[in-house]
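Every chain is numbered from 1 and lettered A, B, ... according to where its sequence line falls, protein lines coming before strand lines. What's counted below: heavy atoms across the whole structure, side chains too, no hydrogens, waters or symmetry copies.
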Amino acid sequence: MATRIGVEVSIALADAVAMANPDVVAAYPITPQTHIVEHLAELVANGELDAEYIPVESEHSAMSACLGSAATGARTFTATASQGLALMNEVVYVAAPMRLPIVMAVANRALSAPLSIWCDHSDMMSVRDTGWIQIIAENGQEAVDNIICAFRIAEDRNVLLPVMLHLDGFNLTHVIEPIMLPEKSFVDKFLPSNKYPLPLNPDRPVAMGDFAPPVIFTEAKWAHDMALKSSLKTIKAIWDEYGKAVGRHYSGVEKYHSDGAKTILATMGSMGETASVAVDELRAEGHDVGQVRIRLWRPFPFEELIEAVEDADVLVVLDRSISFGGPGGPVASEVKSALYNLEKRPRVVGFVGGLGGRDITVSGFKDMVMKGIEIARTGSGNRYEIYGVRE
Amino acid sequence: MEKYGVYVPKLIKPKNNFAPGHRACTGCGEALAMRMAFKALGNNVIVANATGCMEIVASQLPQTSWHLPWIHTLFENTAAVASGIESGYKAMKRKGVAVPENTKVVAVGGDGGTLDIGLQALSGAMERGHDFTYICFDNEAYMNTGIQRSSATPFGAVTTTSPAGKKSFGQFAWKKNMPAIAVAHNIPYVATATHSHPFDLMEKVKRAVDTPGPAYVHILSVCPTGWRSATNTVIKQARMAVETGMFPLYEVIDGRYRMSLDLPKLKPVREYLKMQGRFRHLSDDIIAQIQARVELEYQKLLEKAKDGRKAVRRKSYPGIAETPVR
């Protein structure tokens with residue numbers, strides 16, 4: 001039986017990756033991802049993980065090596081953050097349409113400038129349209145469980161897409177949490193060996209990455225979009241199977257007192273737990289408030305989200321990144337577009353906060369919700385507000 | 001080359017793994033060199049191809065010219081992709097996954113993808129010691145995008161981004177010495193080759209692939225389109241590049257230089273330059289500068305090769321059966 005141990009989330013995540021028995025790990029160090037790859041290097045050095053650890057000279061080469069490795073049918077892992085993800089952006093775009101089942105952990109961190117090593121979601125939003133599956137964890141346990149699910153999802157014959165697991169830098173990566181690591185015997189059973197259908201193999205030559213003339217390009221993009229959208233079904237099925245076995249259940253959108261609530265607070269990532277405490281307090285004070293936490297960012301769980309929030313009057317959305325000169329935060333935009341065609345829909349109020357590691361406290365969330373209700377009631381105010389600006 | 005005699009071509013397998021039907025320009029020296037290189041390497045090869053002429057002419061969905069497992073991803077990352085392929089095979093083999101034995105990984109790129117934008121990835125892959133071969137097909141400019149200068153473009157050559165004009169004689173910098181950069185990584189095998197010397201080219205490529213660890217082969221590939229030269233002189237141009245000392249043929253085995261040809265006297269560079277429109281504007285003064293520089297570099301090379309005559313030779317090169325061992 002798996003036991004609960006107090007461990008740094010990065011270490012637990014790396015241990016979970018090792019349980020998945022990857023063949024190749026190619027990584028370049030960047031704060032706050034470092035503890036993950038350091039621990040993997042250590043496991044390889046000690047013979048506890050039989051894998052090739054490629055200490056590449058940049059993140060661009062990290063993802064490039066992952067392309068090559070995954071194309072041979074080897075189980076492939078990397079991890080990065082922020083500037084690293086930005087540098088590998090070009091290669092990240094290649095992985096998904098080439099249907100290479102790479103798993104990558106992203107320790108969410110703000111993008112420069114000004115330089116910041118602390119958490120926000122600007123890095124994960126920069127790769128939103130690369131066609132990867134993007135899962136974001138709220139706590140260390142979710143990160144550990146989902147990294148194991150990520151390999152299974154990526155390599156599933158009905159998916160064959162790369163998966164990014166996002167965990168908030170420092171807020172998750174560097175905290176010690178009580179975590180249950182699944183049993184190795186369970187992981188071995190849950191995660192069969194990688195059976196990539198058409199690997200690079202001299203016995204059966206394939207050409208990968210041919211260029212597409214206009215007559216084929218649109219169809220290639222259509223096929224990619226279909227693959228990503230239809231992966232939703234498999235992701236849910238794999239989460240269900242995992243949940244039944246280990247007792248921890250995951251879904252694209254998690255509901256917290258949201259059924260029937262007049263006001264709902266939507267969060268993504270590690271701030272969700274603080275927000276939940278705020279929701280508890282508001283409810284104790286007599287406010288009809290619930291919460292939804294978005295766990296699956298791509299493919300976006302439209303149906304689940306609509307089902308969870310359509311009966312509310314006000315939906316307050318917190319974004320940890322901003323689309324400059326645009327409609328505000330990308331999560332709020334996405335939520336608005338999900339609801340736009342409904343006859344009756346909640347009024348969406350967007351806040352941008354928690355940028356570059358700025359904390360939002362329980363009272364901050366309570367303040368935000370009350371403010372959101374007020375904005376919705378009076379119909380006044382800007383399209384969005386950057387929360388907590390010191391003027 | 002003389003020592004092979006007339007019977008050697010008959011020993012080379014007729015099968016081309018880089019097949020005809022591609023879209024290269026008439027008289028393309030690069031396609032010719034590519035065909036020779038992969039004729040020499042046989043079937044047990046995985047190719048990682050950088051973006052560039054050879055990628056574009058040989059792959060268009062849903063067709064391919066390749067009879068080998070082949071992957072193209074991006075322009076500057078080919079050596080890193082090759083690292084991943086090599087590592088994937090290494091790990092799977094060690095862990096008992098059924099993969100073909102002795103599979104060789106060959107990365108190919110042009111001069112831009114190698115000397116300029118891909119240099120970092122290549123340096124990293126050579127430094128880490130992956131067992132792979134990198135072949136640079138050097139046509140001395142960004143030909144795929146329309147003849148822009150690269151760091152491999154020779155001094156004085158006209159390209160679309162190093163045009164000659166009232167205040168310019170064309171390319172202002174000397175060609176980057178990429179083989180020397182490869183040698184500086186202390187890799188076991190580095191060689192230069194060109195398609196006017198096909199058996200030498202094939203032998204070197206084969207030897208590179210058979211060398212455990214990283215190997216680098218730099219192949220001068222005449223581009224009549226970009227060099228503004230006649231398509232029926234492509235072979236002759238490459239030969240002149242060798243015989244004038246513009247592009248000397250040599251190997252560096254375990255750090256020891258060894259000249260591939262004994263050239264008692266270099267031909268004047270003018271003989272090479274006059275065959276190509278890209279040098280047509282050059283004044284006698286600039287040609288004299290080039291002549292002096294080529295002689296200097298060639299002397300430096302001979303100096304390095306002085307002790308290399310006894311460089312350790314590897315014995316058999318199965319792709320070219322019964323090749324006489326010198």
Side-chain angles (χ1 to χ4, degrees), chain A residues 21-26 28 44 50-76 78 88 90-91 93-95 98 100 102 193-196 198-213 215-217 219-220, chain B residues 17 42-49 51 55-56 58-95 97-105 107 120-125 127-128 130 132:
Chain A
N21 192 19
D23 300 307
V24 173
V25 177
Y28 186 82
V44 172
D50 189 1
E52 284 295 306
Y53 185 96
I54 317 180
V56 280
E57 83 295 335
S58 73
E59 286 91 354
H60 196 282
S61 285
M63 185 47 65
S64 299
C66 287
L67 297 181
S69 159
T72 65
R75 181 167 290 163
T76 305
T78 185
M88 68 165 67
E90 184 195 22
V91 201
Y93 264 94
V94 173
M98 285 183 75
L100 296 169
I102 298 157
S193 63
N194 185 10
K195 296 266 184 297
Y196 191 65
L198 287 169
L200 291 172
N201 184 330
D203 293 343
R204 198 167 52 151
V206 288
M208 303 174 83
D210 288 23
F211 82 91
V215 72
I216 289 180
F217 193 82
E219 284 69 21
Chain B
N17 278 326
N43 296 330
N44 215 1
V45 175
I46 297 176
V47 186
N49 200 343
T51 309
E55 175 259 327
I56 285 296
S59 83
Q60 174 180 302
L61 280 171
Q63 297 165 323
T64 180
S65 290
W66 288 93
H67 287 299
L68 296 170
W70 177 92
I71 183 168
H72 157 255
T73 64
L74 292 165
F75 193 10
E76 71 279 46
N77 67 345
T78 310
V81 173
S83 316
I85 297 170
E86 187 253 7
S87 299
Y89 259 79
K90 204 166 156 188
M92 288 193 295
K93 197 174 151 193
R94 191 173 61 228
K95 292 162 94 166
V97 180
V99 288
E101 289 289 311
N102 299 319
T103 302
K104 307 290 187 184
V105 182
Q120 177 182 318
L122 174 57
S123 174
E127 174 267 325
R128 293 190 297 271
H130 294 281
F132 82 118

Side-chain touch A/His60/B/Glu76, heavy atoms, less than 4.5 angstrom: yes

Chain B contact via A/Val94 - which portion, at a heavy-atom distance below 4.5 Å: side chain

Best-contacting candidate, B/Thr78, B/Val105, B/Ile56, B/Val99, against chain A by heavy atom pairs under 4.5 angstrom: B/Ile56

Atom pair CG/CE of A/Asn194 and B/Met92 - distance to nearest 0.5 Å: 8.5 Å

Pick from A/Ala71, A/Pro55, A/Cys66 with the largest number of heavy-atom pairs that fall under 4.5 Å of chain B: A/Pro55

Contact origin within B/His130 toward chain A - heavy atom pairs under 4.5 Å: side chain

Segment of A/Pro199 engaging chain B (4.5 angstrom heavy-atom cut-off): neither

Nearest atoms (heavy-atom pairs only) where A/Glu52 meets B/Ala91: CG-CB, 3.8 Å

Sub-4.5 Å side-chain heavy-atom contact between A/Asn201 and B/Pro69: no

Chain B contacts, top residue of A/Arg204, A/Arg75, A/Met98, A/Glu90 (heavy-atom pairs, under 4.5 Å): A/Glu90

Shortest non-hydrogen contact between B/Lys95 and A/Asp23, atoms and distance: NZ-OD1, 2.9 Å

Heavy-atom pair count under 4.5 Å with chain B, highest-scoring of A/Pro205, A/Ala74, A/Ser193: A/Pro205

From OG1 (A/Thr72) to NZ (B/Lys93), nearest 0.5 Å: 13.5 Å

Atom CZ of A/Phe217 with >12 non-hydrogen neighbours under 6.0 angstrom: no

Contact origin within A/Leu200 toward chain B - heavy atom pairs under 4.5 Å: both

Segment of A/Ala26 engaging chain B (4.5 angstrom heavy-atom cut-off): neither

Selection from B/Leu74, B/Asn43, B/Thr64 maximising heavy-atom pairs under 4.5 Å formed with chain A: B/Leu74

CG-CD1 distance between A/Leu100 and B/Ile71, expressed to the nearest 0.5 angstrom: 6.0 Å

Residues, nucleotides or ligands: over 12 heavy atoms within 6.0 Å of B/Lys104 NZ: yes

Region of A/Val215 that comes under 4.5 Å of a non-hydrogen atom in chain B: neither

Test item: A/Pro202 and B/Ile46 side chains (from C-beta on) under 4.5 Å apart, heavy atoms: yes

B/Trp70 to A/Asp210 - nearest heavy-atom pair and separation: CZ3-OD1, 3.1 Å

Chain B contacts, top residue of A/Ala70, A/Pro213, A/Ala212 (heavy-atom pairs, under 4.5 Å): A/Pro213

Residue part contacting chain B, namely of A/Asn21, when any heavy atom lies under 4.5 Å: both

Portion of B/Glu127 that has a non-hydrogen atom of chain A nearer than 4.5 angstrom: neither

Close side-chain approach of A/Val56 and B/Arg128, heavy atoms under 4.5 Å: yes

Between A/Ser64, A/Ser69, A/Ser58, A/Ala62, the one whose heavy-atom pairs under 4.5 Å with chain B are most numerous: A/Ser64

Contact summary for B/Leu61 and A/Ile216, nearest pair of heavy atoms: O-CD1, 3.3 Å

